Amino acid sequence: MKRILDIFQTALVCVLLVSMTCLSVIYMMSYRSSDSSEFTPQMDLAVRETLYKAEYVKLLSETLFSPYFVGFSISGERMGFIGESASEAYGDINKLVLAFLSPASSAKRVDEAEFALCMKRDFAYVKYNTDLKRSVIYSICSPDDMLNSVGDEYISELFIVFGSELSAVARSSNGDCYKYTCSEADVINKNSEFSYNRLEGGYDFSFGAEYAADDVMIKNGFYEKISDTAVFFDGDVKLSSAVIELGREIDADGAANMLQTLGMNPEKVTYHENDEGITYFGEGQNLTVRSVGAFDFSVSSSKYGLSMSSLIGYNVSQSDYSVLDGIGAALVLAKTLGISDMGDLSLVVTCAAANGNEMTIGLSYSYMGVIAADDGEYALKISINDGYIISASGFFASARAYDGYTTSENVMWQVRSYLYSSNVVSDLRFIYKMENSRLRLAFASCFERGGDDT
Amino acid sequence: MSWKYLRIIAIVLLLAANVLLFAAVYTDYVNKNYYNENDIYELCSLLASSGVELEYDVFPKRRVDPNVYFTKYDDEDIKLALSVLSGADVSENDGEYISFSNGGKYTVFGDLSFEFEADGYKPQSYVSSIYESKTVKKVQRICEKFLRVKKIARAFGSSARVSLEYRADNVFVDGREVYYTTVYEYIDGMKTSNSVDIAVYDGDVIYAKGTFSIIPPTRVYSADTLDVMTFLVFEKRYFENGITPKTVAVDGISCEYRRYTDMFGALYFMPVCGISYSSGDLRTYDMITGLVIFE
C-alpha cells in the first residue's frame with residue numbers, strides 16, 4: 001500500500017510538473033508579440049481605393065472623353081471629323097496617343113512656336129472638349145493602368161507629327177506645351193494602317209492661323225481673337241438633329257430625393273416658393289429647384305457640403321482625391337439625380353480642372369458626339385473643396401432622334417459677330433444650341449478650362 | 001528531511017503553481033476573448049451622455065480577431081469552380097459562365113454571383129414556416145450536397161475553413177411542397193456577406209441564387225483590427241459633431257467578412273463592423289482602418 005502511495009505521489013509530481021510546464025508555455029505564448037500584422041491599414045486603403053474606383057469606373061466610358069475634332073494631314077491632303085466620326089477617327093490613333101502619354105514616354109516642355117510648327121507637317125491632330133490631365137486621358141484609354149501615376153500636365157489639343165522622328169506635341173488652353181517622344185510609338189506607327197479616309201463625314205479643313213480671312217475680319221482682329229488651331233471646315237457641316245425636351249417635372253418625392261442626394265434632410269428643411277421655383281434651406285445648405293428644370297445647390301462652408309466619400313466611397317484623405325475621382329463623383333451624382341436619364345443625349349466631360357484641394361468638374365449633354373449646350377449651361381457642374389462638394393448646378397434635358405438634319409449656316413457671319421463682340425482669344429467650335437425644341441448647329445466660342453464660357 | 005516529505009511539499013507547491021498559472025491563463029483568455037462587463041456598462045452610460053442609447057444585451061460579449069482572406073482568380077478558375085459545382089462542362093458567353101447539369105442551368109456572373117434554375121421552375125409565395133427538425137435537417141443536407149463547398153475548396157487548395165449556416169427558423173414551404181431557405185456562409189467561424197437563397201423539391205435543388213465562395217480564398221493575412229468598443233466611441237463622436245443633434249438607439253452590432261471583387265480579378269474578404277439603429281440607419285466601419293464604409 002505504501003509503495004502504491006509512493007508511486008502515486010511520484011506520478012502526481014510528474015503530472016503536475018508537465019502540467020505546469022504546459023501552462024507556462026501557454027501563458028508565455030499568449031504574450032508573444034502580435035505586432036506582425038500582414039495586412040496593414042495602408043494595404044487596406046490601397047485595396048479599397050481599387051474597389052471604389054472599380055465602382056465608378058463602371059460609369060466611365062470613352063464617350064465621356066470623346067474628342068471634339070480629329071484631323072489628319074498626310075502629304076498635303078487634309079481630312080477632319082467632328083461628332084461620332086471624330087470618335088471613330090480617334091480609334092485610328094488611339095494606340096499612338098496611349099504610347100505618347102504612357103509612363104514610358106519622355107516629356108519635355110517646349111514653346112508655342114514648336115507647337116505651331118506642327119501644322120506645317122504631316123500630322124494627326126486631336127482637339128478634346130476641354131483640358132484633360134494626361135493621367136485622365138491615359139487612364140481612360142488604358143483602364144488596367146488606372147492606378148499608375150503618369151504626368152499631370154493638362155492637354156486640350158495634341159499633334160502627332162509623322163516624319164523621320166515620330167513625336168507628339170500637346171498644348172493646354174493656358175498655352176503650356178509639351179513634346180513627347182516614345183520608342184514604342186515608332187513600332188506602333190509602323191504597324192498601323194489608318195482607315196480615316198474610308199470614314200464618312202470627313203471635311204477638308206484649315207486652322208485659324210492658316211485661314212484666309214477677309215479684310216474686314218482681319219481688321220476686327222481675326223488672327224488675334226481666334227485661336228490659331230480653331231478648325232474651319234471647307235463647306236457646310238451637316239449633322240443629325242433631334243427633338244429636345246428641356247426640364248423635368250419635379251414632384252414632392254423627386255424634390256425629397258434631390259435633397260437627400262445632396263445631403264439635406266427633407267424633414268428638416270424650410271422652403272420659399274416663388275414664380276421661378278422653390279428654394280429649400282437646410283443648416284448651412286440651400287437648394288433651388290427652378291420650374292424650368294434647373295437646380296442650384298450651395299453651402300455656406302465646406303463642412304456642410306456633400307462629402308465625396310458619400311458618393312464614391314473612398315475617404316483616405318480629403319486631399320488625395322484625383323481628378324478622375326472628381327469625375328467619378330460627378331457621374332455618380334448625375335446618375336442619382338436622374339441627369340443620366342436623357343434619351344438619345346449622352347454626357348461628355350467639358351470641365352475637369354484641379355487646383356490644390358479645389359476641383360471643378362463639368363458634364364455637358366452631347367448628341368451624336370457634339371456638345372448640346374443651352375446658353376453654355378452644364379448638364380451638371382460641381383465644385384469640390386477639401387473633399388466636399390460645395391456647389392452643384394445643372395439642368396434636366398432629354399432628346400429624341402428624328403430624321404431631321406441641321407446644317408452650319410452663315411458660319412462666317414457668326415465669326416464676324418464673335419469678332420465684334422469679343423475682346424479675348426477663344427476657340428470657335430460647332431455646338432448644338434437647344435432652340436424651339438430642336439437641336440440647331442451653331443459655331444460659337446466654347447467651354448474653356450475652368451469651366452466658363454468666354 | 002526524507003524524500004517522502006519533499007514529495008508532499010513538491011506536490012503542494014506544484015499544485016499551487018498550477019492553480020495560479022491556470023487562473024492566469026484563464027483570465028488572459030477571458031480578457032482576450034470577451035469584453036469586461038463593467039466596461040460595457042461604462043460604455044453604455046458614456047454613449048447615453050451623447051444621446052446614443054445602447055442596451056447591455058445588444059453589445060456582443062465576445063471579441064473577434066478576424067483576418068483578411070484573399071485570392072486571385074481568372075476565367076479558368078471560374079470555369080474550374082463551376083465544373084466542380086455542376087459536374088459538367090462549362091461554356092462562356094458574354095462574360096457569363098454557363099453549365100447545364102442536374103436538370104437545369106448553372107450561371108456564374110462576372111461578379112462571381114451564382115444562379116441555378118431547374119427547367120420549368122416557377123417561384124411561388126411562401127405559405128408557411130417549417131420547424132420540424134427532421135424536415136429542416138433534410139433540406140439542409142440537400143443544400144450542403146448541392147453547394148459542394150468542401151469539394152470546391154479542395155479543388156483550389158484552400159485552407160480557409162468555409163462553412164455554411166442553416167437556420168432552423170428559416171425554412172418555408174409552399175403549397176407544392178417546395179421548400180425555401182437561405183444559407184449563410186461563414187469563414188473561420190465569422191459570418192460573411194455571402195448567402196444563397198435555395199428552393200428544394202422532392203429531394204433536389206430546383207433553384208439557387210446568391211453568392212458563396214465559389215472561388216474560395218487561398219491566402220490568409222493576419223490583421224490588427226480595431227474592436228467594437230472603438231467604433232461605438234467613433235459613433236459617439238459622430239453624433240456629438242452632427243449637424244442636427246438627436247437621440248438614437250443602437251439596434252444591433254455585428255462583425256462580418258465583407259466580400260469584395262476588384263476589376264483586376266482579386267477577391268477579398270475583409271472584416272467590417274456594422275452598427276444599426278432603430279431608425280433603420282446603418283453605419284459600417286472597416287475594422288482595419290476604422291474608416292466608415294459608404295455603400
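Letters A, B, ... mirror the listed sequences (proteins, then strands); counts begin at 1. Because the structure is a prediction, the values reported are computed rather than measured.
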Residues 265-277 of chain B: residues contacting chain A (heavy atom under 4.5 Å, by number): B:Y268, B:M270, B:V272

For [X], I'd like to know if atom [atom1] has over 12 heavy atoms of other residues, nucleotides or ligands within 6.0 Å.
X: B:Y26; atom1: OH; result: no
X: B:K191; atom1: NZ; result: yes
X: A:I7; atom1: CD1; result: yes
X: B:R62; atom1: CZ; result: yes
X: B:K209; atom1: NZ; result: no
X: B:F22; atom1: CZ; result: no

Chain B contacts, top residue of A:L12, A:L5, A:L16 (heavy-atom pairs, under 4.5 Å): A:L16

Leading residue by heavy atom contact count with chain B [cutoff under 4.5 Å; candidates A:T40, A:V13, A:V15]: A:V13

Looking at every heavy atom in both [X] and [Y], which two are closest together, and how far apart are they?
X: B:A223; Y: A:F39; value: CB-O, 3.8 Å
X: B:I11; Y: A:Q9; value: CD1-O, 3.7 Å
X: A:Y27; Y: B:L21; value: CB-CD2, 4.4 Å
X: B:T289; Y: A:P41; value: CG2-O, 3.7 Å

Rounded distance [0.5 Å steps], OG in A:S24 versus CG in B:N18: 8.0 Å

Flag side-chain contact, heavy atom, 4.5 Å: A:I26 against B:D28: no

N/O donor-acceptor pair under 3.5 Å between A:D44 side chain and B:I288 backbone: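 No; zero donor-acceptor contacts below 3.5 Å.
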
A:E38 (side chain) donor-acceptor with B:S222 (main chain) under 3.5 angstrom: yes

B:V25 versus chain A, the contacting section by heavy-atom distance below 4.5 Å: both

B:D262/A:V47 under side chain to side chain contact (heavy atoms under 4.5 Å, CB included): CA gap, chis, key distance, verdict: CA-CA 8 Å; B:D262 77 6; A:V47 168; over 6 Å; no

Most chain A-contacting option - heavy-atom pairs closer than 4.5 Å, from B:A17, B:A24, B:G290: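 So the answer, after comparing B:A17, B:A24, B:G290, is B:A24.
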
Choice from B:T225, B:L15, B:D286 maximising heavy atom contacts with chain A below 4.5 Å: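 Sorted descending by pairs with chain A, the first entry is B:D286.
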
